Amino acid sequence: MGESVIHKTSGAWAVAPNLADYEAARAAFSWDAAARMELSGLPGGGGLNIAHEAVDRHAAGPLRDHAAIHWLGKEGEDVVFTYGGLRRLTSRFAHALRALGVGKGDRVFALAGRIPALYVAALGTMKAGAVFSPLFSAFGPEPIRARLALGRARVLVTTPQIYARKVAALRGSLPHLEHVILAWRDGERGEAPPGTLDLAALLEAAPDEFTITPTDPEDPALLHFTSGTTGKPKGAVHVHRAVVAHHVTAKLALDFHPGDVFWCTADPGWVTGTSYGIIAPLTHGLTMVVDEADFDAGRWYRVLQDQGVTVWYTAPTAVRMLMKAGDELPRGYDLSRLRLVASVGE
């Protein structure tokens, strides 16, 4: 896996890079020291929990009203979730799981596009001590069935449209799947099909405060699956201690600084879209941009401009598609806040 970086070193948005001297940083580096210095751990010695490091510790401090997620919907929605607001929503989701009898070690899957429910489910699941597994929403029924079966999914969060097209017919072959929770779009909320639950109703009925389940650093937190292109998909487990790597590598490789606005275009169905599209920017207390829409060159330049993105993480294919759109298009946008562009994969 190769990675390339363009780092702007002059101009109004120049900052000293976090990794100014690789050899010196390597010689002095310790994972244990990084965990102690960079992260807080659960209050009262309750262990290490990704959701606490990403949300609750910021919501309890000066970043409570700071934008955590700036969500841009494909139908023109523009919604900001503060760290305080995200704490409340994820706590409600954790309570909803607990009410369903879902607890430590149970697997909660999400099959959805880049909608707010996916991010709430990811962080709320980890608060509850359960294991979160995101699936790429473009998967067909058989890849979905295979992963839900291999992962022994107990809960699935999805949309009514995806459920009807891809999941409903699979229920009989998934004996471990007890609960399907549907996330309706605002204005489209309807009657939940038989055997499903309404996410909005679950959240409305749940309290705002949740005491995070004590989690050992080696407790499973995330379950990612390989693409399956070379055989049966394989599940890879990330434990809660992985948050140390997510946080530190983002600081060093993506050069996160306080006040950055970060946009990772990767879908959370893939590991980059979760590790660096959810966890890392939030552990740093940044504002992360989430765009639900598919690729469109003009839209992407507009997002970079209008959101004031300072650090942008995308795929080589996307860069090539922007190049194909021509040199004139970006000249119509002010990209002066963009300090660093990184690409990875493929």
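Computed over heavy atoms, backbone and side chain alike; hydrogens, waters and symmetry mates excluded. Since the structure is predicted, the reported quantities are computational estimates derived from the model, not experimental observations.
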Is any side-chain heavy atom of [X] less than 4.5 Å from a side-chain heavy atom of [Y]?
X: K74; Y: E292; value: yes
X: R57; Y: L39; value: yes
X: T287; Y: F262; value: no
X: K251; Y: L19; value: no
X: P207; Y: R92; value: no
X: L86; Y: L282; value: yes

Does a donor on one side chain sit under 3.5 Å from an acceptor on the other, for [X] and [Y]?
X: R152; Y: H176; value: yes
X: H247; Y: E53; value: no
X: H224; Y: S133; value: no
X: R88; Y: S91; value: no
X: H246; Y: S275; value: yes
X: D32; Y: S30; value: no
X: D65; Y: T82; value: no
X: K127; Y: T90; value: yes

Please round to the nearest 0.5 Å and tell me the distance separating atom [atom1] of [X] and atom [atom2] of [Y].
X: R302; Y: L335; atom1: CZ; atom2: CG; value: 12.5 Å
X: M288; Y: F81; atom1: CE; atom2: CZ; value: 10.0 Å
X: I50; Y: I212; atom1: CD1; atom2: CD1; value: 11.0 Å

Share the residues that join [X] in a hydrophobic cluster, the rule being Ile, Leu, Val, Met, Phe, Trp or Tyr side chains under 4.5 Å apart at the heavy-atom level.
X: M37; value: none
X: V80; value: none
X: V319; value: M323
X: F139; value: F109, L111, V131, L135, F136, I144, L148, L150, L156, I162, Y163, V167, L170, L174, L177, V180, L182, W184, L223, F225, V237, W270

H52 vs S40, side-chain hydrogen bond (donor to acceptor under 3.5 Å, both in side chains): CA-CA, chis, key distance, verdict: CA-CA 9 Å; H52 170 76; S40 67; 3.0 Å; yes
Cut-off 3.5 Å, no hydrogens considered: what does the side-chain donor-acceptor table look like for residues 95-104, sequence neighbours left out?
{"residue": "H95", "atom": "NE2", "partner": "E209", "partner atom": "O", "Å": "2.5"}
{"residue": "K104", "atom": "NZ", "partner": "P214", "partner atom": "O", "Å": "3.2"}
{"residue": "K104", "atom": "NZ", "partner": "D219", "partner atom": "OD2", "Å": "3.1"}

Using the six-membered ring wherever Trp is involved, compare the ring planes of F256 and H284 and label them parallel, tilted or perpendicular (cut-offs 30° and 60°).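 F256 and H284: perpendicular rings.
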Keeping to residues at least two apart or across chains, list the salt bridge (charged side-chain N to carboxylate O under 4.0 Å, His left out) pairs with something in residues 309-318.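 Counting only pairs at least two positions apart or across chains, no salt bridge (charged side-chain N to carboxylate O under 4.0 Å, His left out) contact touches residues 309-318.
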Under the criterion salt bridge (Lys or Arg N to Asp or Glu O under 4.0 Å), I'd like the reasoning laid out for D255 against R339: C-alpha separation, chi angles, the key distance, then a yes or no. CA-CA 10 Å; D255 200 43; R339 184 181 80 248; 3.8 Å; yes
Run through Y313, Y301, W300 and flag the one making a ring-ring contact (aromatic ring centres under 6.0 Å, His included) with W263.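 With W263 as partner, Y313, Y301, W300 yield a single ring-ring contact (aromatic ring centres under 6.0 Å, His included), made by W300.
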Test side-chain contact (heavy atoms from CB on, under 4.5 Å) on V261 and L286 and set out the steps. CA-CA 6 Å; V261 176; L286 306 187; over 6 Å; no
Residue among D291, D306, D78 satisfying side-chain hydrogen bond (donor to acceptor under 3.5 Å, both in side chains) with H70: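 The residue from D291, D306, D78 that satisfies side-chain hydrogen bond (donor to acceptor under 3.5 Å, both in side chains) with H70 turns out to be D78.
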